[in-house]
J.: 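Encoded as structure tokens, here's the structure I'll be asking about.
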Amino acid sequence: MPLTVAESLALNDVLIDMEASSKKHVLELLSEHLSGSASGLDRDAVFEALIERERLGCTAADFGLAMPHARLATASAPVGVFARLKTAVDFDSQDAPHVDLLFCFVLPLTTSERHDIALQGLAARMMTQPVCDALRSADDATEILAILRACAAVDDGDKAAGGLS
């Protein structure tokens, strides 16, 4: 199994110029994609888990990036999707009010400590102006996937701060 969700993404898991009218609409579309893959996940369960996680604290970060995520008992493996929106949406965050880049993923209830550290490192590496600018200017899904995989490259000693819960 790939160490990170980013390493498991396929080209069809990169959505470019997605149109959405609100945070809720974005989460609905991402839930639909995650359940439509070979994951076997229920769309409504994914959506409710993402909404519940957002209630704990907004997953929007700096530079117009959000990383909505959830853990589900029905998830047997990590699944993810990256979306670049055609137009930014209000993500209900004072720190990052408008979001146009989203990396959304669902994890099993339990993951290894190594996997959790890898996700923390991925998040820390993605939440930079140069990476977000590169994701915005990428010409196609192949280029975006290469950027995400470069961010997922993990050194065993990497203990990046800024965890995902």
Side-chain angles (χ1 to χ4, degrees), residues 4-6 8-37 39 41-72 74-75 78-107 116 118-152 160-165:
T4 67
V5 178
S8 68
L9 290 179
L11 282 176
N12 65 338
D13 295 322
V14 176
L15 310 175
I16 298 175
D17 291 337
M18 187 172 90
E19 294 191 36
S21 57
S22 66
K23 176 181 178 177
K24 180 183 175 193
H25 188 212
V26 167
L27 296 177
E28 288 171 341
L29 293 171
L30 296 175
S31 297
E32 187 171 326
H33 180 86
L34 291 170
S35 65
S37 66
S39 69
L41 296 173
D42 177 73
R43 183 188 69 80
D44 292 336
V46 172
F47 177 70
E48 289 303 320
L50 291 174
I51 290 291
E52 185 59 34
R53 174 56 188 83
E54 289 294 321
R55 285 186 187 120
L56 294 175
C58 185
T59 58
D62 293 331
F63 315 114
L65 173 70
M67 296 183 78
H69 58 281
R71 292 184 185 266
L72 281 177
T74 55
V79 293
V81 59
F82 175 84
R84 184 173 72 191
L85 302 181
K86 190 169 191 169
T87 304
V89 297
D90 183 349
F91 224 72
D92 302 325
S93 169
Q94 293 178 354
D95 297 332
H98 291 91
V99 167
D100 65 335
L101 302 171
L102 297 109
F103 183 49
C104 179
F105 51 95
V106 173
L107 304 170
D116 291 342
L119 282 169
Q120 292 170 5
L122 171 64
R125 286 184 290 278
M126 284 184 69
M127 291 180 203
T128 67
Q129 188 72 56
V131 169
C132 290
D133 288 347
L135 290 167
R136 279 188 193 92
S137 64
D139 291 326
D140 56 30
T142 302
E143 193 175 338
I144 288 174
L145 205 50
I147 295 165
L148 295 174
R149 288 186 176 152
C151 287
L164 300 170
S165 57

J.: Give, for atom CG of Asp62 and atom CE of Met126, the distance between the pair rounded to the nearest 0.5 Å.
T.: 13.0 Å
J.: Look up atom CG in Leu135 and atom CD1 in Ile147, then write down how far apart they are to the nearest 0.5 Å.
T.: 4.5 Å
J.: Who are the side chain to side chain donor-acceptor pair (under 3.5 Å) partners of Thr59, not counting sequence neighbours?
T.: Glu54
J.: Listed by chain and number, what are the side chain to side chain donor-acceptor pair (under 3.5 Å) partners of Glu28, not counting sequence neighbours?
T.: none
J.: Write down the atom of Leu122, the atom of Leu148, and the distance for their closest heavy-atom approach.
T.: CD1-O, 4.1 Å
J.: Answer yes or no: is there a donor N or O on one side and an acceptor on the other, between the side chain of His33 and the main chain of Ser31, under 3.5 Å?
T.: no
J.: To the nearest 0.5 Å, what is the distance between CE (Met127) and SG (Cys151)?
T.: 11.0 Å
J.: Can you list every pair that meets salt bridge (charged side-chain N to carboxylate O under 4.0 Å, His left out) and has a residue in residues 130-148, with sequence neighbours left out?
T.: Asp100-Arg136, Asp133-Arg136
J.: Might you point out which heavy atoms bring Ala20 and Val89 nearest each other, and give the distance in Å?
T.: O-CG1, 3.4 Å
J.: Nearest heavy-atom pair of Ile144 and Arg84: which atoms, and what distance?
T.: CD1-NH1, 4.0 Å
J.: Leu85 pairs by side chain to side chain contact (heavy atoms under 4.5 Å, CB included) with which of Met18, Glu19, His98?
T.: Met18
J.: Working to the nearest 0.5 Å, report the span between CZ of Phe47 and CG of Leu41.
T.: 15.5 Å
J.: Measuring only between side-chain heavy atoms, which start at C-beta, is Ser22 closer than 4.5 Å to Asp90?
T.: no
J.: Of all residues at least two apart in sequence or in a different chain, which pass the side chain to side chain contact (heavy atoms under 4.5 Å, CB included) check with Ala10?
T.: Asn12, Asp13
J.: Give the minimum heavy-atom separation between Ile16 and Ala141, together with the two atoms involved.
T.: CD1-N, 3.4 Å
J.: Can you name the nearest heavy-atom pair linking Leu9 to Gly80, along with the distance?
T.: CD2-O, 3.1 Å
J.: Quick one: NZ on Lys23 to CG on Leu102, what's the gap to the nearest 0.5 Å?
T.: 10.5 Å
J.: Taking the side chain as everything from C-beta on, heavy atoms only, tell me whether Cys58 gets closer than 4.5 Å to Phe91.
T.: yes
J.: Does any N or O in the side chain of Arg71 come within less than 3.5 Å of the main-chain N or O of Ala75, such that one atom is a donor and the other an acceptor?
T.: no
J.: Check each of Val46, Thr74, Val81 against Val106 using the side chain to side chain contact (heavy atoms under 4.5 Å, CB included) test, and report the only one that passes.
T.: Val46
J.: What residues, two or more places apart in sequence or in another chain, satisfy side chain to side chain contact (heavy atoms under 4.5 Å, CB included) together with Thr87?
T.: none
J.: List the atom of Val99, the atom of Ala60, and the distance in Å for their closest heavy-atom pair.
T.: CG2-CB, 3.9 Å
J.: Filter on side chain to side chain donor-acceptor pair (under 3.5 Å), then keep only pairs touching residues 41-52, sequence neighbours left out; what's left?
T.: Glu52-Arg55
J.: What residues form a ring-ring contact (aromatic ring centres under 6.0 Å, His included) with Phe82, not counting sequence neighbours?
T.: none
J.: So, taking the atom named SG in Cys132 and the one named CG in Leu101, what distance separates them when rounded to the nearest 0.5 Å?
T.: 5.5 Å
